[in-house]
There are 2 protein chains.
Amino acid sequence: MTDEQVKQAEQNGQVEQVRRFNRTVAERVGVLHDHYLGGARPYGQARLLWQIGDEGTHDVRDVRARLGLDSGYVSRLLRALERDGLVAVEPHPGDRRVRTVRLTEAGREERALLDDRSDALATSLLAPLDARQRDRLTSAMAEVERLLTASVVSVEVLDPDHPDAVYCLRSYAAELQEIFDSGFDPAHSRLPDPGELRAPRGLFLVAHLHGEPVGCAGLKLPAGAPAEIKRLWVCPGARGLGLARRLLSELEERAARHGSELVRLDTNKALKAATRLYRNSGYTEVPAFNDEPYAHHWFEKRLTPVTR
Amino acid sequence: MTDEQVKQAEQNGQVEQVRRFNRTVAERVGVLHDHYLGGARPYGQARLLWQIGDEGTHDVRDVRARLGLDSGYVSRLLRALERDGLVAVEPHPGDRRVRTVRLTEAGREERALLDDRSDALATSLLAPLDARQRDRLTSAMAEVERLLTASVVSVEVLDPDHPDAVYCLRSYAAELQEIFDSGFDPAHSRLPDPGELRAPRGLFLVAHLHGEPVGCAGLKLPAGAPAEIKRLWVCPGARGLGLARRLLSELEERAARHGSELVRLDTNKALKAATRLYRNSGYTEVPAFNDEPYAHHWFEKRLTPVTR
DNA sequence: GTCATTACCTGACTAAGGTCAGGGAATGAC
DNA sequence: GTCATTCCCTGACCTTAGTCAGGTAATGAC
């Protein structure tokens with residue numbers, strides 16, 4: 001958000017609204033949370049119990065990493081849960097330094113209980129409302145959740161050989177293979193070699209959510225030719241967050257800063273959402289400017305030059 | 001919510017949605033809350049500082065009651081704030097057992113700082129979003145907040161002489177006085193005497209939010225005549241929560257349980273929102289059935305008899 | 001075999017948030 | 001004037017949620 005936009009948001013009362021929301025929600029949900037989920041078990045233990053999960057054994061170090069807790073603290077929490085017979089801790093068969101943990105029968109019951117309480121909390125919020133209000137509350141909640149999730153997605157430049165970038169490119173190829181009538185074989189496509197998506201000849205963006213890569217987009221910046229967008233992909237679980245749009249405008253901005261006046265891209269007719277995005281974002285369809293065998297549509301957009 | 005409705009809500013995935021919301025949003029907001037507002041001052045002290053408020057002196061016992069904290073604990077917190085020169089505690093002039101507390105200049109500054117941090121938190125949530133997403137986020141937040149507030153409003157039968165009932169009736173009269181072209185003088189109106197809004201001849205509902213009365217509605221149940229709704233009012237600050245509709249249907253339900261087959265009411269043309277509510281709730285306009293001088297419209301609704 | 005590293009455990013410690021049982025001063029009811 | 005009550009303060013105590021500095025056993029690199 002620029003300073004300009006901050007001011008704008010304040011004038012709209014948006015900041016005020018968000019603050020009110022934080023107060024109301026944090027307090028109401030918080031209080032109920034304590035009321036319903038408290039009592040049974042200290043929060044730390046409950047979190048751990050939850051994270052261990054119903055089935056299978058887990059390495060203690062993984063659980064610890066996911067919760068971001070101190071090793072000593074987790075050790076103590078595990079001792080407490082073990083004492084109550086809720087978890088079983090055993091050495092890892094392959095590496096006897098590592099310890100694994102799984103829920104016992106009693107542990108699964110206790111976890112189910114937490115589940116029930118969580119349901120009860122949700123029900124208590126819905127209970128006083130009539131059917132119409134409930135519908136509106138849940139859709140508004142979904143919207144808030146979606147947008148707040150979107151707001152913690154980070155986008156950064158990564159080398160196309162970075163594991164997260166590779167993961168995205170593989171997922172992208174796998175998905176096209178799935179979707180295209182003709183299948184998709186990267187060997188037949190005008191696949192940019194990694195060098196083209198790396199400074200100074202281009203760049204590659206990767207979006208992360210909670211540390212996981214969830215989307216990517218590549219930009220070719222050939223000398224003396226229009227910029228070209230390649231490999232714009234958002235993982236299925238992160239769609240609907242406006243992430244593709246964000247990646248697209250980030251690329252456009254960087255292309256403009258680089259001095260490009262025109263940005264082009266090609267796409268397949270099976271990628272309907274992408275095609276819609278391009279049209280909505282000011283791209284106009286143009287005749288084929290390359291011989292990409294998998295492309296059905298070619299687009300371009302004129303960029304407003306950066307002045308400073 | 002009836003058992004039937006609980007099942008329905010579960011099928012809709014509404015409970016699941018609310019749970020996801022609680023996890024994602026409450027946690028994210030909570031964590032950020034701690035991150036931004038933590039640091040400076042322990043949460044307990046910050047809460048107290050906030051509750052004391054910018055201006056005026058407050059009885060310690062009131063502050064304590066509003067926060068629902070232990071007397072000893074508050075005493076200690078106040079000592080800490082006093083030590084840092086943020087509050088001044090003085091005996092109450094009228095009753096020297098009671099102590100009063102007010103913010104010092106430094107205290108007001110510290111509180112403003114909490115304010116700024118709260119703004120910073122809000123801004124950090126809005127920052128990664130574009131203007132359209134920000135608009136959608138804030139309106140969804142407003143909706144969630146509104147409906148969560150609505151869900152903590154309680155409605156109960158109160159004697160019309162109860163202070164909260166009296167407060168509502170006075171506010172109702174004052175508001176009509178303001179709104180009606182002709183003004184409003186209860187002495188000229190067919191004011192039901194309190195006995196008519198009290199068992200067995202009727203009843204009076206009062207809605208509370210955080211312990212404050214925020215709305216009311218009266219029902220006359222004359223023997224051998226249709227039930228009659230009187231004095232339906234919702235305080236300005238609590239409008240838009242669907243409270244009037246809730247009070248109305250609660251009265252209808254009680255009238256039906258009492259055996260009434262018809263419920264009637266009269267209203268003034270200046271009360272546009274109310275008139276709309278009646279029409280939307282299945283009331284049909286009928287000729288005047290009384291000589292209430294302030295009424296322009298008369299409505300009735302046939303009730304479905306209660307079978308059990 | 002040596003040595004650094006990894007994964008975990010333990011003991012010592014801290015801060016926050018809170019409860020509980022008195023005790024003293026002021027007040028109100030009688 | 002007596003006595004119960006109210007309001008507050010204090011000291012003692014508790015749990016939770018951590019952090020930090022070692023220490024130990026197992027492992028992998030050389």
Side-chain angles (χ1 to χ4, degrees), chain A residues 26-27 30-31 33-35 37-52 57-84 86-102 110 114, chain B residues 27 30-31 33-52 57-84 86-102 110 114:
Chain A
E27 261 175 41
V31 166
H33 193 270
D34 294 353
H35 179 254
L37 281 73
R41 195 156 283 284
Y43 190 59
Q45 289 182 29
R47 263 177 91 196
L48 195 53
L49 207 55
W50 184 268
Q51 188 59 246
I52 291 169
T57 61
H58 304 263
D59 291 3
V60 168
R61 62 179 164 187
D62 293 345
V63 174
R64 195 171 53 217
R66 256 177 296 163
L67 291 175
L69 296 177
D70 176 82
S71 143
Y73 183 38
V74 169
S75 184
R76 239 176 288 276
L77 288 176
L78 280 177
R79 247 14 25 88
L81 292 175
E82 215 172 13
R83 201 171 46 242
D84 294 355
L86 303 181
V87 302
V89 179
E90 288 141 9
H92 189 285
D95 181 343
R96 299 220 313 285
R97 290 170 305 181
V98 180
R99 310 203 69 185
T100 63
V101 62
R102 61 180 170 76
E110 186 87 13
L114 289 178
Chain B
E27 256 175 47
V31 167
H33 194 269
D34 293 354
H35 179 255
Y36 278 90
L37 279 72
R41 195 156 284 283
Y43 191 58
Q45 290 182 27
R47 263 177 90 196
L48 195 53
L49 207 54
W50 185 267
Q51 189 57 248
I52 290 169
T57 61
H58 304 262
D59 291 4
V60 169
R61 63 179 164 188
D62 293 344
V63 173
R64 195 170 54 218
R66 256 176 295 162
L67 291 175
L69 297 176
D70 175 82
S71 142
Y73 183 38
V74 168
S75 185
R76 239 176 288 276
L77 289 175
L78 280 178
R79 240 27 13 91
L81 291 175
E82 216 172 12
R83 202 169 47 243
D84 294 354
L86 304 181
V87 302
V89 180
E90 288 141 9
H92 190 284
D95 180 343
R96 299 220 314 284
R97 289 171 303 180
V98 181
R99 312 202 69 186
T100 63
V101 61
R102 64 181 168 76
E110 186 87 14
L114 289 177

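Note that the coordinates shown come from a computational prediction; the quantities given were computed from them, not determined experimentally. Just the heavy atoms: all of them, side chains too, but no hydrogens, waters or symmetry mates, feed the values below. Within every chain, numbering begins at 1; the chains are lettered A, B, ... in the order of the sequence lines, protein sequences first and strands thereafter.
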Is there a side-chain polar atom (N or O) of Arg97(B) under 4.0 Å from OP1 or OP2 of dT27(C)? no

Check: His92(B) and Asp59(B) side chains under 4.5 Å, non-hydrogen atoms: yes

Between Leu77(A) and Arg99(B), which is nearer to the 5' end of DNA chain D once each is assigned its nearest nucleotide? Arg99(B)

Can you check the Tyr73(B) OH to dA15(C) C1' distance for me, whole Å? 11 Å

Quick one, Arg102(A) and Ile52(A) - any side-chain contact, counting heavy atoms below 4.5 Å? no

Please give me every residue in residues 59-72 of chain A whose heavy atoms get under 4.0 Å of an atom in DNA chain D, ordered by residue number. Asp70(A)

Measure the CD-CG distance between Gln45(B) and Leu81(B) for me, rounded to the nearest 0.5 Å. 5.0 Å

Go through it in stages, so that I can follow the logic: the residues are Leu69(A) and Arg47(A), the test is side chain to side chain contact (heavy atoms under 4.5 Å, CB included), and I'd like the CA-CA distance, side-chain angles, deciding distance and then a yes or no. CA-CA 11 Å; Leu69(A) 296 177; Arg47(A) 263 177 91 196; 4.1 Å; yes

Cationic N near anionic O, under 4.0 Å, Arg41(A) to Glu110(A): yes

Whole angstrom is fine here: how far is it from NE2 in His58(A) over to P in dA7(C)? 18 Å

Could you tell me from which nucleotide to which nucleotide of DNA chain D, 5' to 3', there is an atom under 4.0 Å from chain A heavy atoms? dT16(D) to dT27(D)

Can you tell me how far the OG atom of Ser75(A) sits from the CZ atom of Arg99(A), to the nearest 0.5 Å? 8.0 Å

Leu48(B) CG to dA16(C) P, in whole Å, measures 15 Å

Ignoring hydrogens and geometry, is there a side-chain-to-backbone donor-acceptor pair from Thr100(B) to Glu90(B) under 3.5 Å? yes

Base, sugar-phosphate or nothing for Arg79(A)? Non-hydrogen atoms, less than 4.0 Å. sugar-phosphate

Under the 3.5 angstrom rule, does the side chain of Asp84(B) hit a backbone N or O of Leu86(B) as a donor-acceptor pair? no

